[in-house]
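Each remark here refers to the structure printed beneath this line.
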Protein chains: 2
Amino acid sequence: MKRKLTLKLIAKELDVSISTVSKALRDSAEISEDTRQKIKAFAKLYNYKPNNIALSLKNRKTRTIGIIIPQIVHHFFTTVIRGIEQMAREHNYNVIITLSNNDFDKEVLNMELLANGSTDGFIVSLAKETLHKDDFRHLTEAIDQGMPVVMFDRIVDEIPCDKVMIDDREGAKMGVMHLLKTGCRKIAIITTKDYVTIGKLRTKGYIEALESYGVKVEKDFILKLDTIDHCGDDCSAKIKNFLKDKDIDGVFTVNELFAVTAAKHLTAIGKNIPNDVSIVSFSDGELSQHFIPSLTTVSQHGELMGRKAAELLINKLERPEEEVEEYTTAYIDTSLIERESTKKIK
Amino acid sequence: MKRKLTLKLIAKELDVSISTVSKALRDSAEISEDTRQKIKAFAKLYNYKPNNIALSLKNRKTRTIGIIIPQIVHHFFTTVIRGIEQMAREHNYNVIITLSNNDFDKEVLNMELLANGSTDGFIVSLAKETLHKDDFRHLTEAIDQGMPVVMFDRIVDEIPCDKVMIDDREGAKMGVMHLLKTGCRKIAIITTKDYVTIGKLRTKGYIEALESYGVKVEKDFILKLDTIDHCGDDCSAKIKNFLKDKDIDGVFTVNELFAVTAAKHLTAIGKNIPNDVSIVSFSDGELSQHFIPSLTTVSQHGELMGRKAAELLINKLERPEEEVEEYTTAYIDTSLIERESTKKIK
DNA sequence: TTGTATGCGTTATCAA
DNA sequence: TTGATAACGCATACAA
């Protein structure tokens with residue numbers, strides 16, 4: 001097993017000092033053209049690459065951004081990551097991803113791993129379990145130690161850091177408005193329990209839309225589920241039960257899996273989509289496009305979100321030390337993608 | 001912005017030497033009970049965590065495994081990652097992921113980033129573009145420098161490293177056999193061009209299955225597409241065209257998106273699934289479960305694959321230096337998951 | 001029982 | 001123009 005090439009080895013081989021090698025490789029004017037050429041040729045030949053670890057230690061900077069997210073299956077997260085990577089690349093930063101699998105302990109572990117030297121700052125979407133536990137010490141500790149943090153998607157208001165969100169309330173409102181505009185009046189919502197901020201806000205948007213149309217909000221028409229990231233048998237049964245015998249002509253869901261599950265149960269009891277019941281869902285997944293009928297969705301522009309998050313983080317990383325702390329919350333617009341699960345506006 | 005706590009700072013604060021602090025924190029017997037307690041209490045109070053970068057530099061080991069994959073949307077990769085992380089955790093390794101987005105340059109960049117100190121070894125699934133370019137210098141360079149590499153999923157035979165594969169030929173054969181067993185005889189396959197190893201092998205399994213049943217292989221029944229990871233308009237049109245007017249009673253596809261697309265076009269021309277045409281697909285996605293009808297699939301056990309890949313890598317990392325190089329290829333079994341897109345075996 | 005010195009790979013400062 | 005030295009944060013062999 002060959003040892004990696006270091007300045008020291010090059011120096012020994014060429015019989016010069018380490019610092020001469022270092023300077024030559026960085027094109028320092030101090031070094032004579034001759035030796036510089038010689039050293040550079042040698043380094044190139046043997047494919048010398050400086051050791052990032054040593055550089056990080058020396059500079060106390062890694063130029064690496066850490067991303068901590070719950071799951072990666074979601075198409076949404078992929079698009080966010082892409083956005084982050086774009087922006088990072090433009091500013092010469094690298095990106096490293098770790099997954100929490102929606103597990104609190106793992107989120108903490110991952111943060112500690114990355115916080116102890118591997119990363120200059122974090123972009124985080126919290127694990128479900130973390131939100132549930134309401135325990136954010138790992139975040140506040142990182143922040144206390146001077147690690148800039150940007151939260152996105154799953155936000156907690158009280159954490160002092162930059163945040164990037166979509167306007168969930170507005171987005172939900174837009175989705176429900178679309179249902180209203182296409183003629184629906186008996187609209188149910190399948191959402192999450194209120195401890196998930198996004199669920200709460202989207203429920204709010206739903207209510208606002210109905211009210212703006214003078215439609216009464218029926219408590220019976222609101223289903224709040226515990227799960228977010230997948231829809232197991234239990235969740236499916238709850239949706240089935242919720243839809244059974246309900247006189248509705250529209251369903252709004254806060255994610256794609258709820259929508260698909262609802263669509264299945266509706267179809268099973270003989271309802272036609274969109275003629276009997278229309279469906280609109282928050283989503284960024286592939287499911288919506290490929291499902292039959294394809295689903296009208298409120299789309300989240302994950303790439304923009306990622307770019308914005310990275311931009312905020314890099315700003316913090318490169319701002320002069322003395323500057324006052326100041327946290328901004330950026331909002332990313334949503335947009336409606338019409339597909340087959342809703343009727344045309346007349 | 002507070003500076004991170006270091007041994008040096010603790011030492012100064014407590015008026016002892018750095019090595020005393022270091023030893024105390026590592027419970028060295030050299031240090032008196034008294035000072036040890038004092039130091040540990042202080043460290044705990046101020047939440048001291050050793051700097052990983054410094055440790056890595058010192059030990060020339062990071063205890064970190066780097067994963068380089070093309071895309072993460074695929075449910076399959078998520079399960080593989082989970083497997084890797086499990087095994088890594090059990091052996092006290094950490095895991096870092098980077099995405100190539102199926103882009104060659106990015107794959108190279110990512111490998112270089114991680115190779116220059118951040119990781120002890122790699123687990124890699126190659127980008128599509130890399131396979132296409134047939135340029136693997138970044139891999140061989142890493143290997144030459146003593147970085148152990150394990151390839152999975154998208155393999156290249158000539159690279160000297162450990163490999164984890166599923167038996168694509170066997171899996172495809174099993175899928176097609178199922179179609180045969182349920183009575184299909186006119187079975188088409190939608191696969192990838194042969195430069196993608198998995199596509200090639202699966203095509204082979206398809207042919208073997210047919211032959212074992214004495215069914216003639218029709219060239220017309222084989223569609224080789226260029227894309228792998230998504231199925232855009234162009235790809236969809238090709239599938240549509242391929243299926244049009246074709247007298248078939250079964251379709252086998254090498255991925256879920258091809259299957260869904262095929263199912264749509266078949267339904268559109270009035271075919272019932274599974275009564276007129278049955279479908280079996282290679283897949284690990286959510287689409288198969290949620291599609292209507294849900295799809296019978298050949299499942300890949302990504303988690304096992306991940307575990308195996310990590311195990312092989314860790315073995316290499318912890319083996320004594322002098323040992324001879326020896327590369328193994330591990331095969332992971334596939335299994336058939338029956339759903340609604342195929343008929344029952346009589 | 002505690003402290004000093006050295007090295008991991010790099011760069012920056014200063015001396016030669 | 002080149003080289004020696006110190007420092008980044010840590011662990012450890014050795015000296016006190």
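Letters A, B, ... mirror the listed sequences (proteins, then strands); counts begin at 1.
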Close residues, residues 19-27 of chain A, relative to DNA chain C [heavy-atom separation under 4.0 Å]:
Ser19(A), Ser22(A), Lys23(A), Arg26(A)

Any residue of residues 35-58 of chain B with a heavy atom less than 4.0 Å from an atom of DNA chain C
Thr35(B), Leu57(B), Lys58(B)

Rounding to an integer number of Å, can you tell me how far Ile31(B) CD1 sits from dA11(D) C1'?
13 Å

In whole angstrom, give the distance that lies between atom CD1 of Ile18(A) and atom P of dG9(C).
10 Å

Specify the separation, in whole Å, of atom CG of Leu7(A) and atom C1' of dT11(C).
9 Å

Send over the distance from Asn59(A) CG to dT10(C) P, rounded to a whole Å.
12 Å

Could you give the NZ-to-C1' distance, from Lys4(B) to dC10(D), as a whole number of Å?
13 Å

Exceeds 12 heavy-atom contacts within 6.0 angstrom, atom NZ of Lys44(B)
no

In terms of ring plane angle, is the pair Phe152(B) and Phe76(B) parallel, tilted or perpendicular, where the classes change at 30° and 60°?
tilted

Are any side-chain N or O atoms of Lys163(B) and backbone N or O atoms of Asp157(B), one a donor and one an acceptor, separated by less than 3.5 Å?
yes

Leu5(A) atom CG is separated from dG9(C) atom C1', nearest whole Å, by 12 Å

Is there a donor-acceptor contact under 3.5 Å from the side chain of Lys61(A) to the main chain of Asp120(A)?
no

d(NZ, Lys61(A); C1', dG9(C)) in whole Å:
20 Å

Please report the distance, rounded to the nearest Å, between CD in Glu30(B) and P in dA11(D).
14 Å

Salt bridge (charged side-chain N to carboxylate O under 4.0 Å, His left out) involving Glu85(A) - partner list, sequence neighbours excluded
Lys106(B)

Salt bridge between Lys128(A) and Glu107(A), side-chain N to carboxylate O under 4.0 Å?
no

Do His132(B) and Phe104(B) have their ring centres less than 6.0 Å from each other?
no

dT2(D) phosphate, OP1 or OP2: any side-chain N/O from Ser32(A) under 4.0 angstrom?
yes

Might you work through the side chain to side chain donor-acceptor pair (under 3.5 Å) test for Glu90(B) and Gln86(B), ending with a clear yes or no?
CA-CA 6 Å; Glu90(B) 287 167 24; Gln86(B) 279 171 14; over 6 Å; no

Heavy-atom closest contact (Met305(A) atom, Ile332(A) atom, distance):
CG-CG1, 3.7 Å

Looking at Arg60(B), does any N or O in its side chain come under 4.0 Å of the phosphate oxygens OP1/OP2 on dG9(C)?
yes

